[in-house]
Asks: 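Below you'll find the structure I mean.
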Amino acid sequence: SAQPAPAPEPTPADKALADAEKLYAGRDLDPAREKFLSILKLTDAKPVHARVYYGLARIAVLQKNLDLAEQLFRKTLELSPDPHTRSWTEVYLGRLYENTETPQDALEHYKSALATDGAPGGAKQAAVEGIRKLEQKK
């Protein structure tokens with residue numbers, strides 16, 4: 001019987017990202033932040049750096065540091081993020097803007113999430129819900 005081709009070995013950066021995400025999921029935020037930051041030294045790959053800033057931004061959200069979160073999400077978008085990271089970053093930016101003086105900015109971010117080629121279903125669903133919520137507020 002033909003053996004299936006082995007999956008490519010995860011790189012050290014891939015492994016570290018997985019570890020950082022586990023820490024984040026367990027709400028071990030300080031160790032997660034340290035782990036994410038350490039990845040910046042492992043590689044120069046922009047999409048990997050995008051995932052690092054996306055991780056750091058979500059930690060900032062949980063720590064209620066919303067100005068920092070916004071800066072980090074914007075930085076994520078500058079780093080050629082993969083479709084998953086790009087679309088969810090737009091969703092988070094939409095949520096950050098929903099409760100500001102300029103909720104119409106939230107709409108732009110939700111639309112960008114929906115316009116991302118290859119965005120996962122969950123991100124599209126979240127964007128659609130965000131748009132619906134904004135329309136109910138009018």
Side-chain angles (χ1 to χ4, degrees):
S1 64
Q3 291 297 313
E9 271 297 293
T11 64
D14 291 334
K15 287 194 179 116
L17 278 166
D19 290 345
E21 289 289 351
K22 266 199 205 85
L23 290 165
Y24 170 81
R27 297 302 184 252
D28 289 328
L29 299 182
D30 288 328
R33 191 199 295 104
E34 293 303 307
K35 190 61 144 176
F36 277 121
L37 285 168
S38 73
I39 297 164
L40 295 175
K41 300 191 194 82
L42 292 176
T43 175
D44 293 330
K46 278 189 174 169
V48 174
H49 284 202
R51 287 179 61 190
V52 168
Y53 284 103
Y54 173 66
L56 294 171
R58 285 175 300 149
I59 291 169
V61 168
L62 289 181
Q63 294 180 328
K64 304 277 187 274
N65 194 341
L66 300 186
D67 288 344
L68 177 63
E70 184 195 347
Q71 288 167 18
L72 292 166
F73 282 130
R74 290 194 176 285
K75 178 94 175 142
T76 301
L77 292 177
E78 290 165 15
L79 290 165
S80 321
D82 61 82
H84 176 277
T85 304
R86 175 181 296 280
S87 55
W88 276 111
T89 295
E90 295 284 12
V91 166
Y92 273 102
L93 282 166
R95 289 175 182 165
L96 288 177
Y97 277 106
E98 261 180 34
N99 304 309
T100 64
E101 314 291 289
T102 53
Q104 65 274 18
D105 290 347
L107 194 58
E108 293 308 308
H109 287 294
Y110 288 136
K111 285 181 176 162
S112 296
L114 288 174
T116 302
D117 270 346
K124 288 186 168 171
Q125 184 69 39
V128 168
E129 281 163 19
I131 291 169
R132 195 178 297 139
K133 205 159 57 174
L134 287 168
E135 283 169 353
Q136 283 166 356
K137 278 186 187 165
K138 281 181 185 163

Asks: To the closest 0.5 Å, what do you measure between CG (Asn65) and CD1 (Ile59)?
Replies: 11.5 Å

Asks: Could you state the interatomic distance from CZ (Arg132) to CD (Glu129), rounded to the nearest 0.5 Å?
Replies: 6.0 Å

Asks: Are a donor atom and an acceptor atom from the side chains of Glu108 and Gln104 found within less than 3.5 Å of each other?
Replies: no

Asks: Hey, does Leu62 have a side-chain heavy atom less than 4.5 Å from the side chain of Leu29?
Replies: yes

Asks: Identify the two heavy atoms, one from Ala113 and one from Ala119, that lie closest to each other, and give their separation to 0.1 Å.
Replies: O-CB, 3.9 Å

Asks: Please report the shortest heavy-atom distance between His84 and Pro120, naming the atom on each side.
Replies: CD2-CG, 3.6 Å

Asks: What pair of heavy atoms forms the shortest contact from Pro83 to Thr116, and how long is it?
Replies: O-CG2, 3.8 Å

Asks: Once the angle between the rings of Tyr54 and Tyr92 is folded into 0 to 90°, is it parallel (under 30°), tilted (30 to 60°) or perpendicular (over 60°)?
Replies: perpendicular

Asks: Kindly give the heavy-atom pair with the smallest separation between His49 and Leu40, and that separation in Å.
Replies: NE2-O, 3.4 Å

Asks: Given side chains that start at C-beta, do those of Lys133 and Tyr110 come closer than 4.5 Å, heavy atoms only?
Replies: no

Asks: May I ask you to say whether Arg74 pairs ionically with Glu70, meaning some side-chain N is under 4.0 Å from a carboxylate O?
Replies: yes

Asks: Determine the minimum heavy-atom distance between Trp88 and Gly122, stating which atoms define it.
Replies: CZ2-C, 3.4 Å

Asks: To the nearest 0.5 Å, tell me how far Lys75 NZ sits from Thr89 OG1.
Replies: 13.5 Å

Asks: Let me know which of Arg33, Lys35, Lys41 forms a side chain to side chain contact (heavy atoms under 4.5 Å, CB included) with Leu37.
Replies: Arg33

Asks: Once rounded to the nearest 0.5 Å, what's the spacing between atom CG of Leu42 and atom NZ of Lys15?
Replies: 11.5 Å

Asks: Tell me, yes or no, whether the heavy-atom count around Lys137 atom NZ, taken from other residues, nucleotides or ligands under 6.0 Å, exceeds 12.
Replies: yes

Asks: Are the side chains of Val52 and Leu79 in touch, meaning some heavy atoms are under 4.5 Å apart?
Replies: no

Asks: Using a 4.5 Å cut-off on heavy atoms from C-beta on, say whether the side chain of Asp117 contacts that of Arg86.
Replies: no

Asks: Is Arg51 close to Asp82 at the side-chain level, that is, under 4.5 Å between some pair of heavy atoms?
Replies: yes

Asks: Report the distance from atom CZ of Phe73 to atom OG1 of Thr85, rounding to the nearest 0.5 Å.
Replies: 11.0 Å

Asks: Determine, for Tyr97 and Arg95, whether the Lys NZ or Arg CZ falls below 6.0 Å from the six-membered ring centre while staying within 45 degrees of the axis.
Replies: no

Asks: Once rounded to the nearest 0.5 Å, what's the spacing between atom CD of Glu9 and atom CG of Asp14?
Replies: 10.0 Å

Asks: Is the closest side-chain heavy-atom distance between Leu114 and Ile131 below 4.5 Å?
Replies: yes

Asks: Tell me the closest heavy-atom pair linking Ala13 and Thr43, and the distance in Å.
Replies: CB-CG2, 4.0 Å

Asks: Answer yes or no: is there a side-chain heavy-atom contact under 4.5 Å between Leu68 and Leu72?
Replies: yes

Asks: In this structure, would Leu17 and Leu23 fall into the same cluster of hydrophobic residues linked by side-chain contacts under 4.5 Å?
Replies: no

